[in-house]
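This report refers to the structure that appears directly beneath it.
Side chains are part of it too, since the values below use all heavy atoms of this structure and drop only hydrogens, waters and symmetry mates. Chain identifiers are assigned alphabetically (A, B, ...) following the order of the sequence lines, protein sequences preceding nucleic acid strands; residue numbering begins at 1 within each chain.
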Amino acid sequence: MQVLPWLILLLPLFAAVGIALGALPAHRRGVAARLSVGAAGLAFLLSVLLWSSGTQGEQGFLWLAAGALKVEFGWRLDALSVPMLLVVTGVGGLIQVYSLGYMRGDKGFGRYFAGLSLFTFAMEGIVLSTNLVQMFVFWELVGVSSYLLIGFWRERPAAADACKKAFLTNRVGDFGFFLGILLVWSLLGTVNFTEMSAVLQRQPEALGGLATLAGLLVFCGAVGKSAQFPLHVWLPDAMEGPTPVSALIHAATMVAAGVYMLCRVFFLLDVPGSVALEVIAWTGIFTALLAGVIAVQQDDIKRILAYSTLSQLGFMVLGVGLAGGSHDPAPAMFHLTTHAAFKALLFLGAGAVIHALHHQEQNIWKMGGLASKMPVTFVTFGLATLALCGFPPFSGAYSKDAILLPAYEQGRYGLLVLALTGGFLTALYMFRLVFVAFLGPAKSQAMDQAAEVRGVMKWPLILLAVPTVLAGGWGIEGVYRRAFGAAEPVEAVSWFGQIIAPLTHAPMVALLAFVAAAGGAFVAYRLYWDALTDPLPDKLGTPAEWARRRFGFDELYARIIAGTQDALAGLAAAVDRWVLAGAVVRGGHGLVELAGRVLRLVQTGNLQGYVTFFVAGTVLLLLFVLTR
Amino acid sequence: MNDLPAITLLTLLPVVAGMLLLVMRPDGVLARRIAVGTGFLLLLGTLGLWLGFPHGSAGLAFQERHDWAPALGIQYFVAVDGISLMLVLLTGLLIPMSLLTGKVPEDRPVLYYAFVLFLGGGLIGTFTALNFFHWFIFWELSLIPAFFLIKLWGGKGRDAAATQFFIYTMVGSIAMLLAFLALFLATGKFDFLSLAEMGQAGALEGALAGAVGWSGISGSGLAMLVFLGVFLGFAVKVPCMPFHTWLPSTYATAPTPVTMLLTGAMSKMGVYGLVRILLPIFPDQLRAVSPLLLGLALATIVFAAWSAFAQTELKRMFAYSSVNHLGYCLLGVFLVVRLDPGIGDNAVSQAALMNGVVLQMFNHGLTAATLFCLLGMLEQRAGGHESMGDFGGLRTAVPVYAGFVGIATFASLGLPGLNGFVGEFLIFRGAFGLSPWVAVLATPGLLITAIFLLTFFQRVFLGRLDERWQGMADLSTAERWLIAPALLLMLVLGVAPQLVLTTINPAVQHLIAAVTH
């Protein structure tokens with residue numbers, strides 16, 4: 001069993017290296033596909049084996065040592081990492097299969113799968129890390145694979161811009177994370193998760209007055225990777241990548257890495273004297289609402305889903321922020337898991353639509369009537385929508401309830417109301433999407449050609465629909481809870497028992513959440529059923545326009561960044577050119593020249609002059625020597 | 001094995017081969033073959049040195065010590081420890097790589113190759129000498145061939161660039177020479193180890209006051225003057241802002257193989273000098289002006305990054321990038337002497353810091369030389385075009401080249417898994433522990449580096465392919481074999497940094513213990 005995690009981690013890497021070395025040319029696409037999908041599938045099977053064996057613990061070897069400073073490289077298996085590993089390899093494997101169909105005929109087929117395999121390797125690395133430094137290493141590697149895949153269609157200037165934007169925005173967050181790691185490391189003397197947690201258990205005050213700062217710096221990493229406000233701008237642009245990439249990386253797994261990381265280092269956030277969790281909760285809910293509002297006024301099917309992802313990530317971050325004291329962040333991980341299934345399904349469904357439309361059309365106002373033409377896609381997409389909106393008995397309802405519950409129990413009604421508003425918005429923008437794109441009249445000629453997708457693209461949709469519908473009763477939250485010290489449940493609760501649990505435990509929360517979602521769906525029905533154009537801009541005016549323009553964050557940032565960078569770079573170059581090279585060098589040169597000219601004046605050829613200078617010099621020398 | 005004067009042989013090898021070339025006057029192709037053969041012998045020799053080195057020991061290995069002019073305190077004294085061994089190895093890697101880069105020059109090829117070989121001898125000598133007298137000879141021996149290589153084989157504006165390069169480094173050298181003469185007058189020693197012992201015991205000030213005694217300046221003032229003289233010599237070479245203005249035009253003008261050596265190896269002479277000479281001999285003086293010097297190091301890091309960002313010419317951009325990367329080394333050297341309590345255990349931070357500095361020297365040498373080599377290939381294909389705006393979408397035309405540049409670029413911006421990350425990470429870890437604000441102020445350098453490197457990659461390789469470059473040839477087999485080993489080494493060092501850290505660490509610990517007593 002000890003070798004399994006190593007295999008799971010390294011298989012995708014071997015696939016990526018193998019493809020890069022030998023299967024990039026178009027005629028070897030078969031090899032590339034087999035390597036990549038084979039590695040992903042095998043990794044999933046091995047992860048299942050690992051899960052069923054119940055192996056726990058950690059292993060590693062010394063990776064970096066400088067004097068007393070040591071960093072290990074290894075794996076850590078617990079109730080947090082093993083289920084997450086199943087999510088990454090399971091959803092990842094299905095998406096790779098789907099990609100076989102989606103990317104068929106693309107001339108960069110091999111490169112695509114090399115990128116996916118590299119990503120899988122890096123993501124598994126984050127999940128399995130035993131310490132913060134190892135996690136940071138894979139954190140950056142995930143960023144690079146994301147960079148490569150967003151910019152996959154490199155000829156498109158928008159893709160080239162988007163991949164750079166994603167990488168750099170992430171880097172901004174990563175610097176906070178980096179400094180946070182350095183701070184925690186210096187204070188606690190270790191970066192190993194087990195050891196750090198032990199130190200904090202022994203002396204909860206070990207972080208001292210810097211506890212909040214350390215927590216927030218670490219949180220910066222999550223703000224970047226999980227695209228929280230104010231670094232949320234890169235994720236919608238990342239939709240320039242191929243749709244399966246959006247499904248895997250920019251919806252199901254990588255963007256959730258921030259949430260995973262926060263749960264992994266939760267003991268750093270939940271320390272006496274730290275208000276980091278408070279900030280995290282408010283950042284999460286603000287992002288959830290902001291993105292929800294923007295999503296209501298987007299027209300591109302992938303962008304709507306991207307803002308939805310932002311919004312749901314906000315909920316997960318809220319879930320972390322609401323933990324502390326008697327609550328643990330297991331609900332965040334629960335929502336992460338169900339979201340991975342249904343959001344991947346939504347993206348793959350959107351990909352099926354885009355594929356059916358020959359990669360020509362992504363505007364929902366040009367679609368319509370797809371339900372009858374693509375029934376499997378429609379049904380699975382519909383199920384995922386219900387799950388996302390939180391209608392029981394679909395999985396999303398339970399994970400969202402789990403997040404709301406602590407807010408209710410702690411009496412933080414402000415956050416609760418805002419979160420319910422987020423639920424309302426979710427249903428509004430999702431039903432808008434379904435009504436406009438799948439139901440209602442066809443709004444363009446292109447719809448005539450739309451047809452259901454084939455096997456390799458259809459089956460992943462169906463398979464992902466299973467957890468989307470059922471996972472609410474699988475006891476996922478209980479599994480994660482064990483990672484935060486909860487005991488193993490005494491007796492197993494049946495699936496049905498879990499499905500009705502919210503009604504018996506906290507009917508108030510379940511009811512409120514249902515009402516919010518139903519309200520959103522109803523408003524969407526009134527506005528968008530059979531609509532040919534969006535009525536909202538006329539009804540609301542300016543606010544709708546703001547939402548459509550995403551509140552101008554992108555433009556604002558672009559202007560600020562361009563302005564400061566240009567000014568500073570120009571300044572630095574000018575200092576170089578004029579002050580240093582000009583004034584100092586030329587000035588030095590000028591000084592020498594001036595001295596030359598002055599001294600030339602002395603060379604008069606006049607004997608009396610020379611004698612005068614000679615005597616004056618002697619007198620000066622004498623004065624100097626005698627007066628010392 | 002130990003009786004063999006290994007270091008002397010290694011130093012003489014390129015020098016003798018260069019002289020042979022000058023005497024034999026073969027044609028260009030044969031001259032290249034002889035030079036490349038010598039380069040590979042040098043590489044083998046340095047690898048032999050690596051294999052024979054007692055890894056894990058802090059002491060000096062392969063010592064040779066002979067009296068030369070005892071009355072003047074001059075000995076021939078060479079040896080390597082974990083720090084210098086890394087730089088000898090770097091030289092051994094870069095000399096053959098540089099010799100293999102580009103075509104045989106049309107103009108005076110024999111002289112060209114002879115000069116490159118002399119430069120190699122000078123570098124090895126500088127990195128192994130432990131007595132000022134012949135150390136200084138090697139230091140200058142590397143300067144003169146570099147000057148002629150720029151002046152005779154450089155690109156547009158080479159005369160001005162060569163002169164500027166020469167004057168700058170010469171001024172630095174003279175300041176350093178005067179400083180060491182003052183030291184000699186005061187102590188009667190040219191030996192770095194003995195001087196370091198005196199310096200660490202705080203005996204320099206007294207000796208200087210007693211022996212030099214100069215118009216009423218106190219001993220500590222004199223020591224500071226001497227320190228500044230030595231510092232100037234190294235600061236110009238690295239370079240440390242504001243002594244860097246010679247660099248961009250020099251790097252941009254020099255022929256590609258020479259730029260590779262300038263940035264890869266010669267800039268390390270400066271950092272090495274700081275680590276080997278300035279730090280052990282003048283720890284107190286360094287500590288006294290450390291805030292000022294840290295300011296300079298931070299300015300070097302941040303301003304160089306900004307300046308790089310403002311460049312449109314590729315070579316100039318990477319020249320500034322090179323300055324930025326060495327700024328982290330400066331930061332490390334200037335910070336390690338701090339005695340004030342930082343966050344956590346100072347000893348741990350100092351060890352991280354200096355291990356990082358030495359690793360960064362090696363990594364930067366490897367990565368920067370590779371990048372300039374790749375830039376030279378592009379320049380050659382594009383017929384002298386080297387402005388970012390001239391290119392676009394090249395990845396479609398030259399995918400292998402683009403991939404190679406991509407790897408080197410990501411190594412340069414510190415991507416984990418490649419070599420650059422580990423060194424910078426250790427430096428930041430150490431700096432943060434000793435002085436958090438210094439580390440925080442230096443982080444913009446990392447961010448701006450990422451910005452301009454990715455902008456470079458986007459503008460040159462992504463987007464639509466410019467029609468002019470439709471027929472650009474991808475890397476030839478020979479070119480691939482030239483670059484691939486360097487990339488592989490970047491990967492190996494990024495994945496398994498312990499391969500070299502076990503060698504570096506003992507020497508570094510020894511040094512830290514000496515200067516922070």
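Between Ala496(B) and Trp63(A), the closest heavy-atom pair is N-NE1, 4.5 Å. Scanning all heavy atoms of the two residues, the minimum distance from Arg171(A) to Gly414(B) falls at NH2-O, 3.7 Å. Contact record, Leu426(B) with Ala66(A): CD2-CB, 4.1 Å, taken as the closest heavy-atom pair. The heavy-atom pair separating Ala352(B) from Leu69(A) by the smallest distance is CB-CD2, 3.6 Å. Nearest heavy-atom pair, Ala68(A) versus Val348(B), reported as atom, atom and distance to 0.1 Å: CB-CG2, 3.8 Å. Across all non-hydrogen atoms, the minimal contact from Val137(A) to Phe421(B) is CG2-CE2, 3.8 Å.
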Q | Criterion ring pair (Phe, Tyr, Trp, His ring centres under 6.0 Å) on Phe167(A) and Phe410(B), from CA distance to verdict | A | CA-CA 12 Å; Phe167(A) 193 84; Phe410(B) 274 106; 5.7 Å; yes

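Taking 4.5 Å as the limit, every side-chain heavy atom of Phe432(B) sits out of range of all side-chain heavy atoms of Phe178(A). With a 4.5 Å cut-off on side-chain heavy atoms, Arg429(B) and Trp185(A) count as touching. Contact annotation: the side chain of Ile451(B) never approaches that of Lys164(A) to less than 4.5 Å [non-hydrogen atoms, C-beta and beyond].
In terms of non-hydrogen atom pairs under 4.5 Å with chain A, the most contact-rich of Leu446(B), Leu501(B), Asp345(B), Thr443(B) is Leu446(B). Chain A forms the most heavy-atom pairs under 4.5 Å with one residue out of Gly463(B), Ser349(B), Pro497(B), and that residue is Gly463(B). Most heavy-atom pairs under 4.5 Å with chain A: of the set Thr396(B), Ile448(B), Thr455(B), Leu353(B), this distinction falls to Thr455(B).
Checking side-chain atoms of Asn505(B) against main-chain N and O of Gly67(A) turns up a donor-acceptor pair under 3.5 Å.
For Phe73(A), no part lies under 4.5 angstrom from a heavy atom of chain B. No part of Phe138(A) comes within reach of chain B, as not one of its non-hydrogen atoms sits under 4.5 angstrom from that chain. Contacts between Val302(B) and chain A at a heavy-atom distance below 4.5 Å are absent for every atom of the residue. When heavy atoms are compared at a cutoff of 4.5 Å, Leu183(A) approaches chain B by way of both its backbone and its side chain. With a 4.5 Å cut-off on non-hydrogen atoms, Leu413(B) touches chain A through its backbone and its side chain both. If you measure heavy-atom distances from Val172(A) to chain B, the contacts under 4.5 Å come from both the backbone and the side chain. For Val144(A), the part sitting under 4.5 Å from any heavy atom of chain B is the side chain, from C-beta outward, and nothing else. Only the side chain of Gln509(B) comes within contact range of chain A, with at least one heavy atom under 4.5 Å from a heavy atom of that chain. Residue Asp174(A) does not touch chain B at all, counting heavy-atom pairs closer than 4.5 Å.
With Arg154(A) as the partner, the side chain to side chain contact (heavy atoms under 4.5 Å, CB included) test is satisfied by one option alone out of Arg464(B), Arg395(B), Gln458(B): Arg395(B).
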